[in-house]
Peer 1: 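There's a structure below that I have some questions on.
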2 protein chains.
Amino acid sequence: MRVLSKATVYGLRALVYMASERERTGYVSIGEISERLNISFHFLTKTFQTLTQHGILESYRGPNGGVALTKPADQLFLTDIVHVLEGVDFFDKCLLGLPGCGTFAPCPVHDFWKAAKEAMKNEFDNTSLAELGEKVTDERFRLVA
Amino acid sequence: MRVLSKATVYGLRALVYMASERERTGYVSIGEISERLNISFHFLTKTFQTLTQHGILESYRGPNGGVALTKPADQLFLTDIVHVLEGVDFFDKCLLGLPGCGTFAPCPVHDFWKAAKEAMKNEFDNTSLAELGEKVTDERFRLVA
DNA sequence: TAGTTTTGGGACAAAATTGTCTTAAATATA
DNA sequence: TATATTTAAGACAATTTTGTCCCAAAACTA
């Protein structure tokens, strides 16, 4: 079950890492993140460029440069990131891949899947990077194998 | 959100179609299914070969040949098909892609995702091809765009 | 037996995803 | 100014997924 692409998975892990560095101020370099989380630097850079272009991150070049969240981590939710990296129709896909599957022309698993998606969307809508970052800071949860 | 591969999606649609042809006896040809559901014949054939090799389908060559469910459709559940086409670890994947993510070493979204997966697994465990086939036969639900 | 129909299986191609590399641009510091 | 650091951007390669094609094997029919 691969719900999120690698790009999204890496992006999310990296953002939660940033949120977990609570007392830190200023920019965090992509190099640091990729090292700490064991993610390909170049691949992460591309994902971060997308996030920067869509207003999730701001970046700054040069020494002591890096990336920073554009908003406090408690105002950035999983849905925001997923919408940028997976598309705004992320929570609107038929389990059987039928285009236009909906109440008026449902596939046989539509009712169940609609409820499952709603539960997931609800969780994504209400889970902030801050919340996940705290879990990591407070040590019971991990971001790396 | 792409939970199932195309191979699985096509396989499931095709199996539900077979289950929906209630009064039919004997083998159904892959050609018929691929035409009716608008699925690539060769691609579906490969997926069906996998299902045959794993005991979900039996096949028979020659005129009036085709494939047939090895069990009554009310004894074949979504989990059975998904286990064959996606792997037995389908319901055991970390949302953030961390290997070995579990109670003892969870990622920050582990608790939520565990519950979401369990709900999905429960539904897959208890939804038979017969049930879905009936929905299609009884006309309110569709298998094709 | 010859010809047709159908699945089996493999080779192969196309497309999407993932990953790597190089160079440029911006910024800081010495 | 020269050098080092860091993101930006795009080319490119590797891998996986998806899709196509061909021919063999099995089975039926005439």
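First the proteins, then the strands, lettered A, B, ... as listed; each starts at 1.
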Peer 1: Tell me whether B:I56 shares a hydrophobic cluster with B:V28, the cluster being built from Ile, Leu, Val, Met, Phe, Trp, Tyr side chains joined at under 4.5 Å.
Peer 2: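 Same cluster: B:I56 reaches B:V28 through Ile, Leu, Val, Met, Phe, Trp or Tyr contacts under 4.5 Å.
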Peer 1: Reading DNA chain D from 5' to 3', where do the contacts with chain B start and stop? Cut-off is 4.0 Å to heavy atoms.
Peer 2: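 The contacted stretch runs from D:dT17 to D:dC28.
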Peer 1: Side-chain contact test, heavy atoms from C-beta onward, threshold under 4.5 Å: evaluate it for B:R36 versus B:I33 and give yes or no.
Peer 2: no
Peer 1: When rounded to the nearest 0.5 angstrom, what is the spacing between CD in A:E21 and CG in A:L69?
Peer 2: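 Going from CD on A:E21 over to CG on A:L69, the span is 11.5 Å.
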Peer 1: Holding to side-chain contact (heavy atoms from CB on, under 4.5 Å), I want the full list of residues that pass it with A:R140, two or more places apart in sequence or in another chain.
Peer 2: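 So A:R140 forms no side-chain contact (heavy atoms from CB on, under 4.5 Å) with any residue.
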Peer 1: Who else is in the cluster with A:Y60 when I, L, V, M, F, W and Y are joined by side-chain contacts under 4.5 Å?
Peer 2: A:Y27
Peer 1: Does A:H83 reach the side chain of A:H54, with side-chain heavy atoms less than 4.5 Å apart?
Peer 2: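 No; the side chains remain at least 4.5 Å from each other.
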Peer 1: Under 4.0 Å from any atom of DNA chain D, heavy atoms only: list the residues of residues 55-71 of chain B that qualify, in numerical order.
Peer 2: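 Residues of residues 55-71 of chain B that come under 4.0 Å of DNA chain D are, in numerical order, B:Y60, B:R61, B:G62, B:P63.
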Peer 1: So how far is it from B:L76 CG to B:L129 CG, rounded to the nearest 0.5 Å?
Peer 2: 5.5 Å
Peer 1: So, using side-chain contact (heavy atoms from CB on, under 4.5 Å) as the criterion, who are the partners of B:A116 when residues are at least two apart?
Peer 2: B:F112, B:W113
Peer 1: Could you pull out every donor-acceptor pair under 3.5 Å between side chains of residues 43-51 of chain A and any protein atom, sequence neighbours left out?
Peer 2:
residue : atom : partner : partner atom : Å
A:T45   : OG1  : A:F41   : O            : 2.8
A:T47   : OG1  : A:F43   : O            : 3.4
A:T50   : OG1  : A:K46   : O            : 3.3

Peer 1: Listed by chain and number, what are the side-chain contact (heavy atoms from CB on, under 4.5 Å) partners of A:N64, not counting sequence neighbours?
Peer 2: none
Peer 1: Mind checking whether B:K121 and B:K117 have side chains closer than 4.5 Å, heavy atoms only?
Peer 2: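 No - every pair of side-chain heavy atoms lies 4.5 Å or more apart.
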Peer 1: Looking at B:Q53, does any N or O in its side chain come under 4.0 Å of the phosphate oxygens OP1/OP2 on C:dG8?
Peer 2: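 Answer is no, no contact under 4.0 Å.
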Peer 1: Near DNA chain C, which residues from residues 79-94 of chain B have a heavy atom under 4.0 Å away?
Peer 2: none
Peer 1: Apply the test side-chain contact (heavy atoms from CB on, under 4.5 Å) to residues B:V82 and B:F124: give CA-CA distance (whole Å), side-chain angles for both, the deciding distance (0.1 Å), then the verdict.
Peer 2: CA-CA 9 Å; B:V82 160; B:F124 276 51; 3.7 Å; yes
Peer 1: Rounded to whole Å, please give me the gap between CZ in A:F41 and C1' in C:dC21.
Peer 2: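 To the nearest whole Å, that distance equals 12 Å.
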Peer 1: Hey, what do you get for CD (B:E134) to CD (B:E131), rounding to the nearest 0.5 Å?
Peer 2: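 Here the interatomic distance stands at 7.5 Å.
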Peer 1: Scan residues 14-40 of chain A against DNA chain C and write down, sorted by residue number, each residue with any heavy atom closer than 4.0 Å; if none is found, say none.
Peer 2: A:S40
Peer 1: How does protein contact run along nucleotides 10-18 of chain C, one letter per nucleotide 5' to 3', with B for base contact, S for sugar-phosphate only, - for none, heavy atoms under 4.0 Å?
Peer 2: -B-----SS
Peer 1: Which pairs of donor and acceptor atoms, one on a side chain in residues 85-108 of chain B, lie under 3.5 Å apart (sequence neighbours left out)?
Peer 2:
residue : atom : partner : partner atom : Å
B:E86   : OE2  : B:S5    : N            : 2.9
B:E86   : OE2  : B:S5    : OG           : 3.1
B:E86   : OE2  : B:T8    : OG1          : 2.6

Peer 1: Quick one: salt bridge (charged side-chain N to carboxylate O under 4.0 Å, His left out) pairs with a partner in residues 60-76 of chain A, sequence neighbours left out?
Peer 2: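 The answer is none; no pair qualifies.
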